[in-house]
Enquirer: 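I'd like to ask some things about the structure below.
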Amino acid sequence: MSVDPFVTHRSLLFTVAYEMLGSAADAEDVVQETWLRWAAVDQAMVQHPRAYLVRSVTRQSLNRLRTLSRRREEYVGEWLPEPLLTGPGVAEDLELAEGVSIAMLTVLETLTPTERAVFVLREVFDVPYDEIAAAVDKSQAAVRQVAHRAREHVAARRPRVQVDRTEQQQVVERFVAAVTAGDVQGLMDVLAPDVVLLADGGGIAQAVRVPVVGVKKVVNLLRPYPAVAVNPVIGTLRLNGAVGLRIEDEVGGTTIVSVLVEDGLITRIFAMRNPLKLTRLDEEAELTR
């Protein structure tokens with residue numbers, strides 16, 4: 001008995017939806033909607049199931065993204081993607097790891113829904129232009145223009161250097177040591193001069209509501225941590241294809257931290273504190289291309 005193509009490609013469909021939405025919960029909903037549509041069609045008439053399913057999940061993601069865009073305008077404070085625990089296979093696929101990184105997902109938030117769909121399908125999943133055109137209901141010529149515009153937009157904002165995983169681990173360890181010791185000089189040495197800290201509490205958990213820009217301001221924000229934390233536990237985890245931090249505090253709750261490392265220094269700190277977004281950190285997400 002042959003395996004249902006939906007089952008075969010389910011992790012791919014989830015990955016496409018997650019990259020488009022930045023939310024695992026919304027991606028799961030979209031995949032479920034795609035399954036219902038798949039179950040309702042005459043599957044014997046579908047010549048290319050993978051392309052059909054990717055097209056379907058893209059359309060559902062676009063519909064959801066347009067709704068979410070309005071909802072995110074009313075979000076309390078900064079909106080950051082929902083972090084996922086990932087296995088070593090994601091880190092080994094450099095293009096996939098970059099595509100699902102918190103830094104890249106944050107950049108993708110600045111694209112229009114159609115630009116995001118085209119960029120994700122073309123740049124991460126290498127979907128042919130004709131299939132992308134069918135998925136977003138545009139001509140191939142229009143899709144090529146959108147792809148060019150999206151690439152330029154992302155290129156101006158994406159990380160400039162592909163960081164070695166070992167170097168990233170070392171930088172993260174230096175950062176943890178400095179934070180836990182309240183070591184001002186240690187923080188100054190590991191943070192870039194123009195470092196930016198973004199925190200997402202969603203109006204539920206305490207978090208700064210605007211970006212903190214510049215090394216002095218970020219250091220002043222982090223320096224008091226050892227004095228105010230209550231029995232903190234800090235551990236590393238594989239987060240969205242990179243090294244991340246999980247911080248547990250008896251009073252402050254859970255914080256998931258992702259950092260962007262460029263030229264040996266941290267240029268971005270993403271601190272995710274909204275508990276509604278921290279529900280998928282005990283089981284590895286199946287992400288694949």
Side-chain angles (χ1 to χ4, degrees), residues 22 77-81 83 86 91 94 97-98 100-110 154-201 205-230 232-249 252-274 277-278:
E78 292 291 317
W79 187 96
L80 291 176
T86 53
L94 296 182
E98 182 186 20
V100 300
S101 69
I102 297 296
M104 178 58 78
L105 291 174
T106 304
V107 171
L108 295 182
E109 281 292 310
T110 63
V154 171
R157 294 162 176 80
R158 78 194 310 168
R160 296 184 298 274
V161 182
Q162 185 67 47
V163 179
D164 177 79
R165 300 297 169 191
T166 302
E167 179 189 6
Q168 186 182 54
Q169 178 78 41
Q170 292 171 345
V171 171
V172 169
E173 289 173 356
R174 288 170 56 207
F175 175 68
V176 170
V179 169
T180 53
D183 180 358
V184 172
Q185 189 58 52
L187 286 170
M188 297 288 288
D189 290 343
V190 78
L191 300 176
D194 57 350
V195 62
V196 178
L197 183 148
L198 300 169
D200 179 350
Q206 184 176 1
V208 291
R209 295 190 177 183
V210 296
V212 181
V213 183
V215 65
K216 289 184 178 179
K217 290 183 178 180
V218 172
V219 169
N220 285 337
L221 181 69
L222 299 177
R223 180 172 50 83
Y225 178 76
V228 300
V230 179
V233 177
I234 302 179
T236 60
L237 71 171
R238 286 190 292 260
L239 187 73
N240 290 61
V243 181
L245 296 174
R246 180 170 187 162
I247 304 171
E248 299 288 350
D249 182 286
T254 302
T255 303
I256 298 298
V257 178
S258 175
V259 299
L260 177 59
V261 177
E262 300 178 75
D263 298 325
L265 297 174
I266 294 175
T267 58
R268 292 288 186 277
I269 302 171
F270 305 97
M272 290 147 288
R273 307 206 66 238
N274 184 342
K277 295 183 178 183
L278 306 181

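Note that this is a predicted model, so its numbers are computed, not measured.
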Enquirer: What's the spacing between Phe175 CZ and Thr180 OG1 if we round to 0.5 Å?
Expert: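 Going from the CZ atom of Phe175 to the OG1 atom of Thr180 covers 10.0 Å.
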Enquirer: Nearest heavy-atom pair of Pro226 and Val179: which atoms, and what distance?
Expert: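 In terms of heavy atoms, the two residues are closest at CG-O, 3.3 Å.
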Enquirer: What is the distance from atom CG of Asn240 to atom CD1 of Ile102, rounded to the nearest 0.5 Å?
Expert: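 Between Asn240 CG and Ile102 CD1, I get 4.0 Å after rounding to 0.5 Å.
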Enquirer: Where do Gly241 and Arg165 come nearest, in terms of heavy atoms and distance?
Expert: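 Closest heavy-atom pair between Gly241 and Arg165: O-NH1, 3.4 Å.
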Enquirer: Given side chains that start at C-beta, do those of Thr254 and Ile247 come closer than 4.5 Å, heavy atoms only?
Expert: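 No, side chains not in contact.
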Enquirer: Just verifying a value: how many Å separate Leu105 CG and Glu98 CD, rounded to the nearest 0.5 Å?
Expert: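 One gets 10.5 Å once the value is rounded to the nearest 0.5 Å.
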Enquirer: Any side-chain heavy atom of Leu108 sitting closer than 4.5 Å to one from Val154?
Expert: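 Touching, per the 4.5 Å side-chain cut-off.
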Enquirer: Any side-chain heavy-atom pair from Arg209 and Glu78 closer than 4.5 angstrom?
Expert: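 Arg209 vs Glu78: side chains apart.
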Enquirer: Kindly indicate whether the side chain of Pro83, heavy atoms from C-beta on, has any atom under 4.5 Å from the side chain of Leu278.
Expert: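 A side-chain contact under 4.5 Å exists here.
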Enquirer: What residues form a side chain to side chain donor-acceptor pair (under 3.5 Å) with Thr110, not counting sequence neighbours?
Expert: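 Expected list: His153.
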Enquirer: By the definition side-chain contact (heavy atoms from CB on, under 4.5 Å), identify the one residue from Glu173, Gln168, Gln170 that meets it with Val243.
Expert: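 Only one option passes, and that is Gln168.
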Enquirer: Holding to side chain to side chain donor-acceptor pair (under 3.5 Å), I want the full list of residues that pass it with Glu109, two or more places apart in sequence or in another chain.
Expert: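 By the side chain to side chain donor-acceptor pair (under 3.5 Å) rule, Glu109 matches Arg72, Arg116.
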Enquirer: Is Asp200 salt-bridged to Lys277, going by a charged N under 4.0 Å from an acidic O?
Expert: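 Looking at Asp200 and Lys277, the cut-off is met.
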Enquirer: Quick one: are Phe270 and Pro81 in side-chain contact, heavy atoms under 4.5 Å?
Expert: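 Heavy-atom side-chain distance check fails, nothing below 4.5 Å.
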Enquirer: Shortest non-hydrogen contact from Val215 to Ala192?
Expert: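 The answer is CB-O, 3.6 Å.
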Enquirer: Could you tell me if the side chain of Gln169 sits less than 4.5 Å from the side chain of Val172, heavy atoms only?
Expert: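 A side-chain contact is absent here, since even the closest heavy-atom pair is not under 4.5 Å.
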Enquirer: Do Leu197 and Leu221 have side chains that approach each other closer than 4.5 Å (heavy atoms only, starting at C-beta)?
Expert: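 Yes, side chains in contact.
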Enquirer: So does Gly214 get a backbone contact from the side chain of Asp194, meaning a donor-acceptor N/O pair under 3.5 Å?
Expert: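 Side chain of Asp194 to backbone of Gly214: no pair is present.
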Enquirer: Looking at every non-hydrogen atom in both residues, tell me the closest pair between Val257 and Leu239 and how far apart they are.
Expert: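 Smallest interatomic distance, heavy atoms only, reads O-CD2, 3.9 Å.
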Enquirer: Closest approach of Ala271 and Thr255, non-hydrogen atoms and distance?
Expert: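 Nearest heavy atoms, Ala271 then Thr255: CB-CG2, 4.2 Å.
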Enquirer: Is it the case that more than 12 heavy atoms not belonging to Gln206 sit under 6.0 Å from its CD atom?
Expert: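 No, not enclosed.
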Enquirer: Would you check if Thr267 and Val196 make a side-chain contact, meaning some heavy-atom pair closer than 4.5 Å?
Expert: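 Of all side-chain heavy-atom pairs linking Val196 with Thr267, none is under 4.5 Å.
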Enquirer: When you check the side-chain N and O atoms of Thr86 and Arg238, is any donor under 3.5 Å from an acceptor?
Expert: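 Short answer, no.
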Enquirer: Taking all non-hydrogen atoms of both residues, which atom of Ala178 and which atom of Gly186 are closest, and how far apart?
Expert: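 Closest approach of Ala178 to Gly186, heavy atoms only: CB-C, 3.7 Å.
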Enquirer: I'd like to know if Arg268 and Glu262 make a salt bridge, using a cut-off of under 4.0 Å between side-chain N and carboxylate O.
Expert: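 Result for this pair is no, no salt bridge flagged.
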